[in-house]
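This report concerns only the one structure given below.
It should be emphasised that the depicted structure is a prediction, and the values quoted were computed from it without experimental measurement. Just so it is clear: chains get the letters A, B, ... in the order the sequence lines come, proteins before strands, and each one is counted from 1.
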Amino acid sequence: MRGPVDDSGADNAAGAERFFALQFTTGPMQVRAALEELMACLAAWAMPGDLIEAAEIVMAEVFNNIEEHAYGAKNSGPIWVSFLALARKLVVTVSDQGQAPPEDLIRGKCLADIVPEALPEGGFGWALIRDLVHDLRIFRRDGVTHLSFTLTFVPERIRPPYSKGGKK
Amino acid sequence: MRLIHQLERNCLVVTLEASRIDAAVALAFKEAMRGLPGDGAVVLDLTRITFVDSSGLGAIVAVMKALAPRRLHLAGLTPTVERVFRLTRMDSVFPIHVSVEAGISDAS
């Protein structure tokens with residue numbers, strides 16, 4: 001695993017762009033270690049707690065999905081992650097060399113589609129991702145899947161009610 | 001995964017020797033929660049659990065179903081864990097308590 005690429009340099013005044021990237025190989029403990037490193041980065045950048053929480057939830061789901069579906073249970077492979085912090089948002093890219101994701105990855109079920117009373121044991125992962133991020137994009141080129149999205153600093157309480165249940 | 005459980009009034013309070021219920025331990029968590037002694041309500045102490053991902057959430061739901069008709073109570077959710085339950089609205093299907101003590105009071 002690599003450390004910060006360009007973090008808190010002398011010219012990194014408050015509000016300046018900050019960038020962090022790492023690469024790791026899939027595996028449950030490796031995912032944990034990567035999450036720990038990424039969250040430490042956001043904490044070091046003094047990101048709002050709300051955003052750090054959302055980032056941990058989203059990154060865990062993204063990594064688990066790559067591990068379980070792109071590479072599959074029996075294989076492992078590399079994941080590349082980058083964080084770019086701008087004034088009001090965090091731009092995230094995640095790339096892997098696994099299987100191509102399904103077509104409906106971006107427009108699939110969201111949190112409002114979950115029926116808690118049915119006691120589902122799955123289907124939460126991508127719903128959480130879709131509801132917590134903005135600008136979700138995916139493209140595949142030369143056998144590599146590139147996922148990108150942003151996490152904004154807008155507090156949840158003043159965001160549109162994407163996921164408060166009921167009909168969309 | 002190792003569990004510590006103790007009987008308090010009629011409730012079995014279960015504490016996990018873990019800090020996360022995630023994809024790495026979801027299966028082990030489900031296995032460990034099988035065959036808990038007694039037949040009263042179960043209060044799962046989550047005060048030291050800092051993170052639950054979708055696999056962990058699914059495992060907790062599976063444990064809840066497996067325990068039925070025993071009721072599974074959740075106590076002491078930390079902020080990120082609370083957020084996962086709230087976002088998925090799975091907080092509506094579990095009795096959730098601010099502390100283990102509150103869970104025991106309600107469940108016993």
Under a single-linkage definition using a 4.5 Å side-chain heavy-atom cutoff for Ile, Leu, Val, Met, Phe, Trp and Tyr, are [X] and [Y] assigned to the same hydrophobic cluster?
X	Y	result
A:Leu136	A:Leu90	yes
B:Val13	B:Leu77	no
A:Met47	A:Met39	yes
B:Met90	B:Val84	yes
A:Phe24	A:Val144	no

**Per-residue contact mode, B:Ser92 against chain A (heavy atom under 4.5 angstrom)** = side chain
**Asked** Do A:Arg32 and B:Asp53 sit within salt-bridge range, that is, some charged N less than 4.0 Å from a carboxylate O?
**Response** no
How many angstroms lie between [atom1] in [X] and [atom2] in [Y], if you round to the nearest 0.5 Å?
X	Y	atom1	atom2	value
B:Thr78	A:Glu53	OG1	CD	8.5 Å
B:Leu57	A:Ile114	CG	CD1	8.0 Å
A:Phe124	B:Thr88	CZ	OG1	5.5 Å
A:Asn65	B:Ser54	CG	OG	7.0 Å

**Prompt:** Do A:Leu128 and B:Arg83 come within less than 4.5 Å of each other through their side chains, counting heavy atoms only?
**Reply:** no
**Prompt:** Do B:Leu87 and A:Leu132 come within less than 4.5 Å of each other through their side chains, counting heavy atoms only?
**Reply:** yes
Has [X] got more than 12 heavy atoms of other residues, nucleotides or ligands less than 6.0 Å from its [atom1]?
X	atom1	answer
A:Gln99	CD	no
B:Asn10	CG	no
B:Glu17	CD	yes
B:Asp39	CG	no
B:Arg9	CZ	yes

**Item:** Minimum heavy-atom distance A:Asn64-B:Ser55, with the two atoms named
**Value:** ND2-OG, 4.4 Å
If I measure from the heavy atoms of chain B, does [X] come under 4.5 Å with its side chain, its backbone, both, or neither?
X	result
A:Ile57	both
A:Glu68	side chain
A:Glu56	both
A:Leu35	side chain

Pick whichever of [options] has the most heavy-atom pairs under 4.5 Å with chain B.
options	answer
A:Ile52, A:Val115, A:Leu119, A:Val31	A:Leu119
A:Gly123, A:Gly27, A:Pro116	A:Pro116
A:Pro120, A:Gly49, A:Gly125, A:Ala127	A:Pro120

**Prompt:** Can you name the residues of residues 61-76 of chain B that have some heavy atom under 4.5 Å away from a heavy atom in chain A?
**Reply:** B:Val61, B:Ala62, B:Met64, B:Lys65
